[in-house]
Amino acid sequence: MNVKPWSVDEARTFLKSARNREDLMYPAYDLVLVLGLRLGEALGLRWDDVDLDQAEMTIG
């Protein structure tokens, strides 16, 4: 199976649509697309991985 990544414009259109629909998953979509997270990385995130005071996140 040949997977073709979205162009910047396609990703931007998707995020804009999700935001306009007030999709509850919008923050997750944004995180995945902006940081280039893989599915396992995104699904494996826990609150312990996030430091809001330092504005840092550990992905691993």
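Residues take their numbers from the sequence shown, with the count starting at 1.
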* Looking only at heavy atoms, what is the nearest atom pair of Leu15 and Tyr26, with distance? -> O-CE1, 3.3 Å
* Asked: Roughly how far, to the nearest 0.5 Å, is the CG atom of Leu35 from the CG atom of Asp30?
  -> 8.5 Å
* **Short side-chain to backbone donor-acceptor contact, Asn20 and Ser17, under 3.5 Å** => no
* Is atom CG of Leu24 surrounded by more than 12 heavy atoms (other residues, nucleotides or ligands) closer than 6.0 Å? -> no
* To do: Let me know which of Leu31, Asp51, Leu52 forms a side-chain contact (heavy atoms from CB on, under 4.5 Å) with Met57.
  => Leu31
* Asked: Does Trp6 reach the side chain of Thr13, with side-chain heavy atoms less than 4.5 Å apart?
  -> no
* Asked: Are Val32 and Phe14 joined in one hydrophobic group, where the rule is that I, L, V, M, F, W and Y side chains link up if heavy atoms are under 4.5 Å apart?
  -> no
* To do: Following the transitive rule for hydrophobic clusters with a side-chain heavy-atom cut-off under 4.5 Å over Ile, Leu, Val, Met, Phe, Trp and Tyr, establish whether Met25 and Leu33 coincide in one cluster.
  => yes
* Asked: Side chains of Leu37 and Leu45: closer than 4.5 Å at any heavy-atom pair?
  -> yes
* **Note, Arg12 side chain near Val8 side chain (heavy atom, < 4.5 Å)** => yes
* side chain to side chain contact (heavy atoms under 4.5 Å, CB included) between Arg21 and Lys16, intermediate numbers included -> CA-CA 9 Å; Arg21 289 190 331 268; Lys16 186 175 183 180; over 6 Å; no
* To do: Kindly work out whether a path of hydrophobic side-chain contacts (I/L/V/M/F/W/Y, heavy atoms less than 4.5 Å apart) joins Val3 to Tyr29.
  => no
